Structure formats: C-alpha cells, structure tokens
Amino acid sequence: MQWGNFLAKEAATHGLSLKQTAAFIKYFKTENLGKNDAQLASELNVEVAAFRKWMSEVYDKFAQNYPELAISNSRGKLKKLQAYLSAKYNSELDVLKPLAAMKLLKSLVVRERLQQEAWVARRICKFLQYLPLALELVGRYLDKMPDLSLETLLKRLEEKRLEHEKLHPQGDGVFGHGEWGMGHGEESPMPNAQFPKSAGDYPSPPTREWSFPPTFNEAVVNANSLMDYESGLAEAFELSWEHLDENAQNFGCLLSLCALADIPLSLETIQDEKKQQLNEKAIADLLELHLLQRKNKETYRLNPLIRQLIQMKLDKSSEADETKTKFAAMMLEVAKLIPQQLNPEDILNLTPHIPHITEVAIHLSQYLSDKNLITLLTKLAWFYQGQGLYQQAEPWLRQCVEITQNPLGLEHADVVANLNNLALLYESTERYSEAEPLYQQALELSKRLLGDNHLDVATSLNNLARIYEFTGRYSEAEPLLEEVLELRKRLLGEEHIDVATSLSYLALLYESTGRYSEAEPLYQQALELWKRLVGEEHPNVATTLNNLAALYCYTKRYREAEPLFEQALELRKRLLGKEHIDVGTSLNNLAQLYEFTGRYNKAEPLYQQALELSKRLLGHNHPDVAISLNNLAALYRNIKRYRKAKPLFEQALKICERTLGVNHPTTMTIRANYASFLTEAYH
C-alpha cells in the first residue's frame with residue numbers, strides 16, 4: 001500500500017472529519033514535510049489558525065486510542081505522531097524484499113512443503129505483494145490445511161480476487177457509524193476548605209461537523225477505495241475468514257466494533273459456562289489464524305486492516321444491527337461501573353475500557369435508548385472529571401445539554417440535571433461566568449416543573465449560591481443558603497446528611513466574610529451530625545474536621561487546629577489509603593500550620609510529600625501540582641533559601657500558564673507570588 005493510501009486509511013479508521021482528513025494528509029504527505037503551517041494552509045485555501053486547530057484535533061483523536069502518544073509539548077505532538085505513523089507503516093504495511101518474504105513464509109510453513117512447490121510459493125508471495133500481514137494470514141491458513149497444495153491455494157486466492165472484482169468493480173465501502181449521546185447532572189459533594197481544583201491540558205472528544213469547504217474535495221481520498229484489493233491482503237483474509245465457524249465469525253465481528261486500542265477480555269466473569277467455552281474457542285480460532293493478536297493475559301488487539309475487513313463483513317450481514325446493539329449494551333454495563341468519586345484502583349481498572357466506551361459514545365450511540373445514552377455519557381464525563389481532567393470531560397457534558405434539549409424539549413427534568421452537570425464542571429475550573437447562567441436556568445426550570453417546595457429546587461438554589469460565594473457576592477449567596485437549609489430541614493427533618501451539607505456550606509460562607517463566631521457553631525453542628533448519621537469513620541467527618549481546623553487557623557487558634565488537622569489526615573489515610581488526593585490536601589494543610597507557627601523543619605517534608613503525591617496521582621503537569629510547587633517555594637522564600645524557591649516558582653507558573661491560561665486566577669496568584677519573590681530576593 002502506498003503512503004498516501006495508508007494516510008487515507010488511517011484517517012478513516014480514526015474517524016477524522018473531512019476537514020481534519022484534508023489537513024492530516026496535506027501535513028504528512030512526503031513532499032510536504034519541509035513546508036511550514038502557513039504554506040500548507042495556503043495550499044488548502046484556509047487560515048493558518050484553522051489549519052492548526054484541525055491538526056490539533058487530529059492528534060487528539062489518535063491520542064484517544066493510543067495513550068502513549070500523549071505529551072504536552074504542542075510541537076512535539078506532531079513529531080511523535082509522525083514517528084508513530086512511520087513505524088506503523090513500516091511494520092504493518094510496507095512490503096518485504098522477495099527473499100525476505102520467502103523467509104517469512106518458510107517460518108510459518110513446513111520447509112519441505114514449500115520446497116516441493118518452490119515456484120508456486122514465490123508466485124504466492126508476489127500475488128500478496130510481499131505484504132507481511134497477508135503472508136502471516138496465508139501461512140497460518142496453510143498450517144490449518146496440511147494437505148492443501150500451494151497450487152490450489154494460489155487458485156483460491158485468484159478466485160477470491162475475481163469474485164471481488166465482479167461484485168465491487170469500484171472498491172468496497174467502509175464501515176459507517178452514528179451520532180452523540182446525553183448525560184446526567186448532580187449536586188456537587190459537600191464543601192472542603194482546601195486549595196482550588198483546576199483543569200489539566202488534555203485532549204477532548206471530537207465534535208460534530210456539518211459542512212465542508214469545496215476547496216478540500218481534491219485533498220480527500222474517497223473512503224470507498226481505502227482498501228487496496230490488489231495487495232492480496234483481502235483475498236488472504238477471505239480464505240481465513242471462511243475457515244472460521246459461525247461462532248468465531250460472530251465473535252470477531254463483535255471485537256471489530258472495539259476501538260483501535262488494547263481489548264480487555266476477561267472470560268472468567270461470564271457465569272454461563274457454555275457461553276464461556278464458546279468464547280474461549282472463538283478467541284483460540286481467531287488467534288490461530290492470526291486474525292487476532294494476544295498482547296498479554298486477558299489483553300488482545302486487532303490489526304487495523306483486519307478490523308476494517310471484519311467491519312466490512314459485519315456491515316454486509318443481516319445481523320449487523322443486532323451485533324452493534326449487543327456491543328453497545330456491553331459497553332453500557334461497563335460504563336455503569338464508573339463512580340462519581342474515583343480512587344486509584346478505579347482508574348487502573350477502568351482505563352482499559354474507556355476507548356471502547358468512547359467508541360460507542362461517538363459511533364454507536366443510535367443503538368442505545370435516550371435513557372441509556374444519558375447514563376453512558378455521564379459516566380464517561382465522571383471518569384475524566386473525577387481525575388481533574390475537566391477539559392476532557394467538558395465536550396461530553398456540552399453534548400449532554402445540547403442533545404437532551406433537542407428531543408425532549410426544555411420542559412424536562414433531564415435538562416435540569418444536565419445543566420447542573422455542565423455548570424458544575426465550569427465551577428470546578430473557576431469559569432463562574434459560564435456556570436452562573438446554567439445554574440439560573442436550572443433553578444427556573446426546577447421551580448416551574450416541580451414547584452418551590454422540592455428537594456431538587458433546594459439543590460439548584462445551593463448550586464447558584466456557591467457561584468455567588470465564589471465570586472465574592474456573599475450578600476446574594478447568604479439568603480439562598482439559608483433558604484436551602486430551612487427547605488431541607490422542613491422536607492427531610494433535622495437529622496439528615498443533606499442538612500449536614502447545608503450547615504457546612506453556610507458555615508463556609510460565614511467564614512469567608514470573617515464571621516467566625518457564626519461559622520464555628522455550624523461547623524460543630526455539622527460535625528456532630530455527620531458522626532451520628534454515618535459514624536466517626538467517614539470521609540465527610542474528615543472533611544468537616546479539616547474545615548473546622550482551617551477556621552481555627554484563620555483565628556490564630558493553632559493549638560486547637562493542630563489536633564483536628566492530624567485527625568483528618570489519619571482518618572483519610574485509613575479510609576482512602578495513603579495514595580489519595582485528599583491525603584495530599586491534608587498533608588499540605590498541616591504543613592501550612594507548621595509554617596504559620598514557625599516550625600519550618602516539620603513543614604518542609606510534609607510539603608514535599610504532598611507535592612510527590614500530587615505528581616503521582618495527577619501527573620507532573622496538573623494545576624494542583626503547580627499549587628503544591630508554589631506552597632513549597634513560599635516556604636523556601638520564608639526561610640531565605642532563594643535558590644531552592646526560584647525553580648519551584650518557575651515550574652508552578654509554567655504549568656499554570658500552559659494548562660489554565662495566562663489570565664486564570666490561579667495563574668495570576670502564582671505570578672504575583674513569583675514577582676514578589678524576585679523583588680525580595682534580587683533587589
């Protein structure tokens with residue numbers, strides 16, 4: 001297969017839009033490798049900014065299926081993609097020399113068998129155009145047919161080509177998919193007086209595109225001609241496919257709907273023993289014919305070309321819709337396992353499934369009901385949002401709002417849920433001006449749909465009040481929070497966890513306005529209520545201990561604060577494990593207390609532990625890592641260790657500028673800290 005056809009095939013396999021495909025092929029064509037973005041954009045008759053945007057989207061789509069591509073440097077991204085494409089082309093698609101092709105075939109077929117028909121063996125290699133993958137398929141097929149002559153095999157290959165040319169004189173069609181889905185919304189968990197959470201710099205899911213400038217038409221290769229049938233691969237595949245029984249073919253079709261990523265297959269979870277045995281045999285048959293590759297225990301992969309050929313088989317079958325519906329339902333069940341609050345074990349176990357859930361969300365959404373689509377899209381968003389990957393979660397939530405509104409109309413409770421969900425993400429990334437109108441809309445709809453005396457109305461009031469508080473509009477937030485507290489007490493009674501949450505929110509507001517004497521009894525009430533309702537061994541007890549300790553710090557009651565911070569830290573370690581982000585927050589808070597009281601030697605190792613923990617859990621380029629760097633740098637500044645402080649401030653600022661933008665409040669705070677440090681240290 002030629003490089004241009006390979007690029008076109010990759011574009012189709014990764015679901016690139018027409019505009020993205022045009023930019024992709026233009027960028028990576030051999031004759032264009034020395035040209036800059038401006039030249040390439042000019043040849044496509046588009047703006048440079050648009051060209052770069054499409055190339056960024058192209059990279060994101062590849063990185064979704066191949067996490068090893070994910071890097072932060074924008075220029076390095078495309079270089080890494082170039083290297084990936086070249087390696088893939090050379091390993092899977094490039095042709096071998098004739099002698100190398102014969103050597104490969106000899107490694108797969110008994111030598112004496114080839115020696116008896118040496119001339120025919122060379123003709124087979126030529127027919128297959130010395131393509132390694134086609135030779136692998138033929139070799140495995142011959143191994144399954146020990147009495148088949150090479151002459152007969154060659155005739156079968158030639159017959160398959162003739163059959164195809166008669167049926168499809170202009171090439172075969174490629175597999176087509178569907179549209180997007182929807183999601184839920186929930187009230188955020190109880191407040192935690194800790195450092196802000198911010199978004200990282202991660203790729204986003206693809207967006208729907210509707211139109212396409214005519215100037216691109218000549219740059220886009222017809223998808224129907226992507227499979228080069230003169231390569232011999234399709235014919236080799238046909239022989240292997242026909243050798244499979246119906247069960248193995250059906251299983252292969254199901255696997256072809258997976259994303260281009262490692263496929264986790266754990267058959268031990270299947271309770272039906274007969275079904276388990278059938279699946280085991282199907283996997284063994286596919287492996288034996290080299291139609292499926294085993295990476296390690298319970299992990300498999302489909303070659304992209306084999307995947308495309310099987311999808312084409314599926315698309316022609318009468319069972320295509322049934323198979324797609326079955327696969328979508330399977331991925332939905334996996335998605336349901338994603339909790340809103342993730343722990344490291346959840347992330348480890350669920351990550352291998354995410355590309356395949358995403359495949360359903362993007363390409364097979366029409367095979368799920370609206371209700372199930374809501375679940376699937378929400379769970380996907382939770383997976384990213386629960387790790388602080390807000391930019392990766394946002395497009396799913398935006399689609400939730402848009403698509404929920406279209407078929408159901410604005411007067412529907414699901415719209416309220418999705419408005420809250422998207423607004424919560426904006427709130428988490430401190431985009432309060434975007435969150436506020438969504439919360440207001442959700443509140444108005446809730447009142448109209450449910451009346452003023454409803455718990456969902458209380459949730460919407462609470463959400464809107466938080467935005468007012470975060471933007472310093474305390475006088476607007478206070479009556480709403482008081483109304484929420486009274487509404488929940490009336491509807492739920494005094495002894496309820498939602499009442500404890502409301503007490504915490506109202507206490508946090510009083511604390512923010514310096515009304516510490518009013519905040520303290522509310523925190524204490526909330527703490528006692530949590531202990532009665534959920535017991536002393538609960539994460540919300542730890543959070544409330546932390547918040548009360550923070551209040552004592554603000555009022556310089558460090559002796560009262562210290563044991564509470566220590567209790568919160570030990571409780572979180574016990575309940576959440578030492579490798580949890582809330583443990584890092586407690587380490588940071590206790591370190592700050594030590595710093596405030598001049599115990600710098602005790603503060604430093606805690607700051608360092610918090611920093612290393614955030615790096616392990618969030619990656620080195622997360623905004624929360626920048627906050628930890630800033631805090632440690634501030635400690636070094638206080639004790640005049642300027643050489644240690646300077647690189648930490650610089651790293652923190654660089655991370656925030658890259659992930660949050662230069663005008664984000666956290667970025668501006670760290671920039672101001674750095675500027676103040678430079679004035680002190682070097683003037």
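All residue numbers refer to positions in the sequence shown, counting from 1. Small disclaimer: the values here were computed from a predicted structure and weren't measured.
Side-chain contact check for C253 versus I310: some heavy-atom pair is nearer than 4.5 Å. Considering only heavy atoms from C-beta on, F383 stays 4.5 Å or farther from Q392 through its side chain. Side chains of I627 and H622 form no contact here, defined as non-hydrogen atoms less than 4.5 Å apart. The side-chain heavy atoms of L419 and V415, taken from C-beta on, include a pair separated by under 4.5 Å. Taking 4.5 Å as the limit, every side-chain heavy atom of L257 sits out of range of all side-chain heavy atoms of H356. Side-chain atoms of L424 and Y439, non-hydrogen and from C-beta on, do get closer than 4.5 Å to each other. Taking 4.5 Å as the limit, some side-chain heavy atom of T21 sits within range of a side-chain heavy atom of I25. Residues Y390 and Y426 have side chains not in contact (no heavy-atom distance under 4.5 Å, counting atoms from C-beta outward).
The minimum heavy-atom distance between P264 and D262, with the atom names listed, is CD-O, 3.5 Å. Across all their heavy atoms, I338 and I357 have their closest contact at CD1-CD1, 4.3 Å. Considering every non-hydrogen atom in both A38 and V48, the closest pair reads CA-CG2, 3.7 Å. Between A320 and L314, the shortest heavy-atom distance links the atoms CB-O, 3.2 Å. Smallest separation of non-hydrogen atoms from N630 and A652: N-CB, 4.0 Å. Closest approach of V625 and G619 over heavy atoms only: CG2-O, 3.2 Å.
In this structure, CD on E359 lies 7.0 Å from CD1 on I362, to the nearest 0.5 angstrom. Taking CD from Q385 and CG from L342, the interatomic distance works out to 10.0 Å, rounded to the nearest 0.5 Å. Once rounded to the nearest 0.5 Å, the distance linking NZ of K654 with CG of L629 reads 12.5 Å. For the atom pair OG1 of T375 and CH2 of W382, the computed distance is 9.0 Å after rounding to the nearest 0.5 Å. Note that the CG atom of L309 and the CG atom of L233 stand 5.5 Å from one another [nearest 0.5 Å]. Put simply, CG on L632 and CZ on R637 are 14.0 Å apart, with the number rounded to the nearest 0.5 Å.
Applying the salt bridge (Lys or Arg N to Asp or Glu O under 4.0 Å) definition to pairs two or more places apart or across chains, none involves residues 383-393.
A salt bridge links K324 with D315: at least one charged nitrogen is closer than 4.0 Å to a carboxylate oxygen. Under the 4.0 Å criterion applied to side-chain N and carboxylate O atoms, E43 and K35 are assigned as salt-bridge partners. Salt bridge annotation for E436-R473: present, with a cationic side-chain nitrogen under 4.0 angstrom from a carboxylate oxygen.
In this structure, the side chain to side chain contact (heavy atoms under 4.5 Å, CB included) partners of F470, at least two apart in sequence or on a different chain, are E427, Y432, R466. By the side-chain hydrogen bond (donor to acceptor under 3.5 Å, both in side chains) test, N296 pairs with T299, sequence neighbours left out. A search for side-chain hydrogen bond (donor to acceptor under 3.5 Å, both in side chains) contacts involving K313 returns E238, not counting sequence neighbours. Checked against salt bridge (charged side-chain N to carboxylate O under 4.0 Å, His left out), R616 has the following partners two or more places apart in sequence or in another chain: E579. Remark: D346 pairs with no residue by the salt bridge (charged side-chain N to carboxylate O under 4.0 Å, His left out) rule, at least two apart or across chains. The side-chain hydrogen bond (donor to acceptor under 3.5 Å, both in side chains) test applied to Q608 returns E604, Y636, not counting sequence neighbours. Looking at residues two or more places apart in sequence or on another chain, you find a salt bridge (charged side-chain N to carboxylate O under 4.0 Å, His left out) between R431 and E394, E434. Judged as a side-chain hydrogen bond (donor to acceptor under 3.5 Å, both in side chains), and not counting sequence neighbours, S42 has no contacts. In this structure, the side chain to side chain contact (heavy atoms under 4.5 Å, CB included) partners of A328, at least two apart in sequence or on a different chain, are V360, Y367, L368.
Listed for the R671 side chain is no donor-acceptor partner under 3.5 Å among the backbone atoms of T666. Put simply, the side chain of H290 never gets that close to the backbone of L137: no donor and acceptor are under 3.5 Å apart. Of the possible polar contacts, none joining the S614 side chain to the D624 backbone as a donor-acceptor pair under 3.5 Å is found. Q311 places a side-chain N or O within 3.5 Å of a backbone atom of S256 that can act as its donor or acceptor partner. The closest donor-acceptor contact from the side chain of K379 to the backbone of A335 lies at 3.5 Å or more, if one exists at all.
Counted within 6.0 Å of CG on L678, heavy atoms from surrounding residues, nucleotides or ligands total more than 12; the atom is thus considered enclosed. Applying the 6.0 Å contact sphere to CZ of R398 captures no more than 12 heavy atoms from other residues, nucleotides or ligands.
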Table please: side-chain donor-acceptor pairs of residues 644-651 below 3.5 Å, with sequence neighbours left out.
residue, atom, partner, partner atom, Å
K646, NZ, E650, OE2, 2.4
E650, OE2, Y674, OH, 2.8

Show me, pair by pair, the donor-acceptor contacts under 3.5 angstrom made by side chains of residues 347-355, not counting sequence neighbours?
residue, atom, partner, partner atom, Å
N349, ND2, E345, O, 3.2
T351, OG1, I347, O, 2.5

#### Entry: Residues I263, R301; criterion side chain to side chain contact (heavy atoms under 4.5 Å, CB included); working and verdict
CA-CA 6 Å; I263 304 171; R301 201 177 188 104; 5.8 Å; no
### Task
May I have the step-by-step check of side chain to side chain contact (heavy atoms under 4.5 Å, CB included) for C258 and L302, ending in yes or no?
CA-CA 9 Å; C258 291; L302 276 175; 5.9 Å; no
### Task
Apply side chain to side chain contact (heavy atoms under 4.5 Å, CB included) to L44 and L40, showing your working.
CA-CA 6 Å; L44 288 175; L40 298 175; 5.8 Å; no
### Task
Apply side chain to side chain contact (heavy atoms under 4.5 Å, CB included) to the pair V58 and Y27, showing each step before the final yes or no.
CA-CA 11 Å; V58 165; Y27 187 94; over 6 Å; no
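With hydrogens and angles left out, the side-chain atoms of Q20 and K61 include a donor and acceptor closer than 3.5 Å. There is a side-chain donor-acceptor pair under 3.5 Å between Y642 and E680.
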